[in-house]
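First listed ligand is number 1; within each ligand, the first listed atom is number 1.
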Amino acid sequence: MQILAVNAGSSSLKFQMYEMPAEKVIISGVFERIGIGSSFYTIKLNGNKVKKEKEFGNHDEAVAVLIQELFDNNVVKSLDEIVGIGHRVVHGASKYADSVVITDEVLSDIEDFISLAPLHNPANIMGIKAFKKLVPDAIQVAVFDTAFHQTMSEESYLYPVPYSWYEQYGVRKYGFHGTSHKYLTIRMSQILNKKEFKLITCHLGNGGSISAVKDGQCIDTSMGFTPNAGIMMGTRSGDIDATIIPYVMEKTNKSLDDIINDLNKNSGYLGISSISSDSRDIENGIADGNEKCILAQKMYIKKIVEYIAKYYVLLGGADAICFSAGIGENSFKTRKDIIDSLACLGIKLDEEANQVRGEEKLITTLDSVIPCYIVPTDEELMIARDTLKFVK
Ligand code: ADP
């Protein structure tokens, strides 16, 4: 049977179609730079990779092209062949600790959680609605980013604010990218051939988060109540002093919505560089000597290194660190900048090994105290596995 796994991100939409339960990828692809100009997509089929340039103003347009590609490439003759579609959904709040079939009630809940994930839940919903329209007979499943982090203890997930905020309004750290951190944990357990180990997982994409994982369970993570916490990101600020918000509102006469929009969409790499949210553009700017790009990269690295250091102490050491997602898998420079900043922990980069993109690889020298790996994440496989549970 064929199952489609969909990961609609803030500026990207990834998909993989699997023959299940064999877990064989039939066709896959990624739509990049959606809504930020110069967008393009790549389709992989039978070992061939085709890149096509096309402007996508939103996710709806990307999904329509995706469906057309399935027909054009003779992957399906009828859409009835797709029995299940699994969707990555960023925020499930405390209501969803597991994956679930998407009913009208579930969809309405995901809409209710938009205020918790303003950059992502709307993209997830657009994907779900478009697929519901175009493939009405398939079972649609939501796989929540928040699930893997449910193992955090109270002292990790609570904020030092009035306790009633948690009791009455659910103000707590939820954590995100859980499907990816879980995949990285499973894969690193296989690579290290250990069940009991201390791991720091770095998911560095347009959005980014870092987790501390002990014996396969998440004990802390950098994202919080919303995905706008933790490290600096493409357009998101990450952690800031909350009192900045009323101060800037008063100075600028901006509304709360405007400020939240600025923190989610006009901050991070974009806010500091004024050029782009994309690390490739930042790296090009650095090569051209652009001071703001140089500063943006320094700040990005500093925030990541601070979290790694924090989790190193929390875990009481680390058996491994792994890098994943768009930047973690592809940017030699960011990995090098991070690892060089961790030299005091005895971590040593293997410069030659680091010159790869999107490949599972050890990138530190054999005498490095902590081995560091690139592990391409596979959220789509995790989504397909969960979807399969419901279509059987
Ligand atoms: P998200 O799913 O959060 O939208 P991704 O995991 O797709 O994000 O990552 C997107 C990021 O990956 C972009 O900021 C992009 O710059 C970065 N990226 C992709 N390829 C490269 C590359 N070759 N070098 C540097 N960064 C890259």
Short N-O contact, Arg172 and Glu154, less than 4.0 angstrom: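 Glu154 and Arg172: not salt-bridged.
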Residue pairs involving residues 365-392 (criterion ring-ring contact (aromatic ring centres under 6.0 Å, His included); sequence neighbours excluded):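 Residue pairs with at least one partner in residues 365-392: there are none.
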Whether Phe113 and His91 hold their rings parallel, tilted or perpendicular, with breakpoints at 30° and 60°: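 The rings of Phe113 and His91 sit tilted, inter-plane angle from 30° to 60°.
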Aromatic plane relationship, His203 with His177 - under 30° parallel, 30 to 60° tilted, over 60° perpendicular: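 Parallel, since the angle between the ring planes stays under 30°.
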Residues forming a ring pair (Phe, Tyr, Trp, His ring centres under 6.0 Å) with His120, sequence neighbours excluded: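 Expected list: none.
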Those protein residues which place at least one heavy atom below 4.0 Å from ligand 1: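 Around ligand 1, where the cutoff is 4.0 Å for heavy atoms, the contacting residues are Ser10, Ser11, Ser12, Lys14, Gly205, Asn206, Gly207, Ser277, Asp278, Ser279, Arg280, Glu283, Ala325, Gly326, Ile327, Asn330, Ser331, Arg357.
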Sequence neighbours left out, cut at 3.5 Å: what donor-acceptor pairs do the side chains of residues 301-310 make with other protein atoms?
residue	atom	partner	partner atom	Å
Lys302	NZ	Glu306	OE2	2.5
Tyr307	OH	Asp239	OD2	2.4

